[in-house]
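Written below as structure tokens is the structure these notes are about.
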Amino acid sequence: MGASWSGKGSWFSSTSPAKEGKTTTNGQYQKQPRLDPRRLASQFVYTRKGSMYFDEDGDIAHEFYEEVKVENSQTTTMRRKLGNLRPQARHSLLS
């Protein structure tokens, strides 16, 4: 799904002069204007990723923490969990 940036033409326009059939008065084929695919893309964002996540147990939350025991001590700390999380959904901004 990308544009061909070679000198032969882009995937938006036909590169075969036989299909075009347009010639100048001296018999040479006319070049068609090339379209830049970056200009055709919309500048607006229509969807966004949700802020809630599922963990491997199926629980849903904004953030997940796990309890970690500190070595050579009786204390424990909370560490933020970043792996094995799936986003809940994609939200449409049009409605």
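All values reported here derive from a predicted model rather than from experimental measurement.
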Practice task
Share the residues that join Val70 in a hydrophobic cluster, the rule being Ile, Leu, Val, Met, Phe, Trp or Tyr side chains under 4.5 Å apart at the heavy-atom level.
Solution key: none
Handout entry: Co-members of Phe54 in a cluster of I, L, V, M, F, W and Y side chains, linked at under 4.5 Å
Key = Met52, Ile60
Practice task
Drop me the distance from Leu82's CG to Tyr65's OH, to the nearest 0.5 angstrom.
Solution key: 9.0 Å
Practice task
Report the distance from atom CG of Asp55 to atom CG of Asn84, rounding to the nearest 0.5 Å.
Solution key: 9.0 Å
Problem - Which residues share a side-chain hydrogen bond (donor to acceptor under 3.5 Å, both in side chains) with Ser73, sequence neighbours left out - result: Thr75
Fill in the blank from the handout: With sequence neighbours left out, the residues meeting salt bridge (Lys or Arg N to Asp or Glu O under 4.0 Å) with Arg48 are none
Practice task
Kindly write out the residues that satisfy salt bridge (Lys or Arg N to Asp or Glu O under 4.0 Å) with Lys81, not counting sequence neighbours, or none if the list is empty.
Solution key: Glu56
Problem - Close side-chain approach of Phe64 to Asp59, heavy-atom, < 4.5 Å - result: yes
Exercise for the section: Would you please name every residue forming a side-chain contact (heavy atoms from CB on, under 4.5 Å) with Glu67, sequence neighbours left out? Expected result: Thr76, Met78
Practice task
State which residues pass side-chain contact (heavy atoms from CB on, under 4.5 Å) with Asn72; sequence neighbours excluded, sorted by chain then number.
Solution key: none
